[in-house]
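Quick notes on the structure that follows.
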Amino acid sequence: DEPHKELPDTPPAENTEDPTAPAGDRKVLIIYFSHTGNTRTIAGYIHDMVKSDMVELETEDTYTDDYDTLLAQIRQEVADEYCPPLATRIENISLYDVIFVGYPIWVETAAPPVRTFLTSYDLSGKTVVPFCTSGTSSAETSYRLVRSLCPHSTVLEGIQIRRGTYDTARERVTEWLRRIGIVESKE
Ligand SMILES: Cc1cc2nc3c(=O)[nH]c(=O)nc-3n(C[C@H](O)[C@H](O)[C@H](O)COP(=O)(O)O)c2cc1C
């Protein structure tokens with residue numbers, strides 16, 4: 001499935017409210033990897049809604065922009081369960097209660113930097129929340145990977161934003177954050 005940088009036809013509605021403190025006074029961190037910016041957009045929607053810190057994961061070796069070369073490399077990395085070294089270091093991860101983990105689906109699973117992140121940090125006892133962007137693939141394999149790499153965390157229902165559906169993404173992210181109890185529903 002080819003990469004595709006997608007901008008909504010109409011600009012998404014601006015978030016007019018300040019981010020809300022997460023339900024239960026929990027401290028929230030959003031970490032994400034994004035090669036072409038789609039996952040960064042969704043991370044921004046979550047950050048707009050939930051009082052949180054946000055960190056973009058960067059690899060020591062930057063991935064190429066040449067799709068065919070990248071696809072061949074990622075096929076190999078996925079087959080090898082390779083953990084690309086991260087340039088990003090996260091201080092004080094122990095302070096956080098909830099960690100959102102965002103990534104593109106690459107070769108049917110989570111992009112390899114997520115494997116590095118989840119194997120490098122001890123997330124025992126924390127709540128982990130996956131979110132991803134993709135073409136047409138299912139996200140299930142990536143969710144299974146996330147669950148297997150943090151077996152002592154509570155992994156909540158994730159959200160997947162597929163290509164062609166960005167015009168409604170902000171609303172769906174908001175509904176999802178309420179459904180999983182991160183943001184309290186206002187009645
Ligand atoms: C190397 C590579 C492999 C990909 N593999 C898949 C795939 O297996 N299934 C899919 O639905 N999308 C696949 N995509 C599309 C990306 O998931 C999609 O463009 C995503 O939104 C990119 O996120 P980003 O802009 O945050 O990097 C692939 C993209 C690349 C570059």
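First listed ligand is number 1; within each ligand, the first listed atom is number 1. In this chain, numbering begins with 1 at the start of the sequence shown.
- Ligand 1 has no N or O atom lying under 3.5 Å from any N or O atom of Arg40, backbone or side chain.
- Residue-to-ligand polar distances keep Phe33 apart from ligand 1: every N/O pair is separated by 3.5 Å or more.
- At least one N/O-N/O distance between Gly135 and ligand 1 falls below 3.5 Å.
- Every atom of ligand 1 with a heavy atom of Val107 under 4.0 Å away is listed here by number and element: 3 (C), 4 (C), 5 (N), 6 (C), 7 (C), 8 (O).
- Atom OG of Ser52 and atom NE2 of His47 lie 5.0 Å apart (nearest 0.5 Å).
- Every atom of ligand 1 with a heavy atom of Thr39 under 4.0 Å away is listed here by number and element: 23 (O), 24 (P), 26 (O).
- Under 3.5 Å, the side chains of Ser142 and Tyr103 contain a donor-acceptor pair of N or O atoms.
- Between Pro85 and Thr116, the closest side-chain pair of non-hydrogen atoms is not below 4.5 Å.
- By heavy-atom distance, the residue among Thr36, Asp65, Ile105 lying nearest atom 6 (C) of ligand 1 is Ile105.
- Of the candidates Trp106, Tyr63, Tyr166, it is Trp106 that places a heavy atom closest to atom 3 (C) of ligand 1.
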Evaluate the criterion side-chain contact (heavy atoms from CB on, under 4.5 Å) for residue pair Thr133 and Tyr166; output intermediate values, then yes/no. CA-CA 10 Å; Thr133 69; Tyr166 281 80; 3.2 Å; yes

Ring pair (Phe, Tyr, Trp, His ring centres under 6.0 Å), that's the test. Do Trp106 and Phe33 meet it? Break it down for me. CA-CA 11 Å; Trp106 275 3; Phe33 170 77; 5.4 Å; yes

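- For Asp66, the CG atom sits in a packed shell: over 12 heavy atoms of surrounding residues, nucleotides or ligands are nearer than 6.0 Å.
- For the ligand labelled ligand 1, residue Arg162 lies outside the 4.0 Å heavy-atom shell.
- Ligand 1 has no N or O atom lying under 3.5 Å from any N or O atom of Leu71, backbone or side chain.
- Ligand-side atoms of ligand 1 in range of Arg163: 15 (C), 19 (O), range being under 4.0 angstrom from any heavy atom.
- With a heavy-atom cut-off of 4.0 Å, Tyr67 touches ligand 1 through its side chain alone.
- Counting heavy-atom neighbours within 6.0 Å of Glu60 CD, excluding the residue itself, gives a total above 12.
- Dense packing is recorded around CG of Asp80, with more than 12 heavy atoms of other residues, nucleotides or ligands lying under 6.0 Å away.
- Residue-ligand proximity, His35 to ligand 1, at heavy-atom distances under 4.0 Å covers atoms 24 (P), 26 (O), 27 (O).
- Listed by atom number, the atoms of ligand 1 under 4.0 Å from Gly37 heavy atoms are 24 (P), 25 (O), 26 (O).
- Of the candidates Thr141, Ile42, Ile161, Thr133, Thr133 brings a heavy atom nearest to atom 21 (O) of ligand 1.
- Screening Thr127, Ile46, Val128, Leu29 against Phe100 for a side-chain contact (heavy atoms from CB on, under 4.5 Å) leaves a single residue, Ile46.
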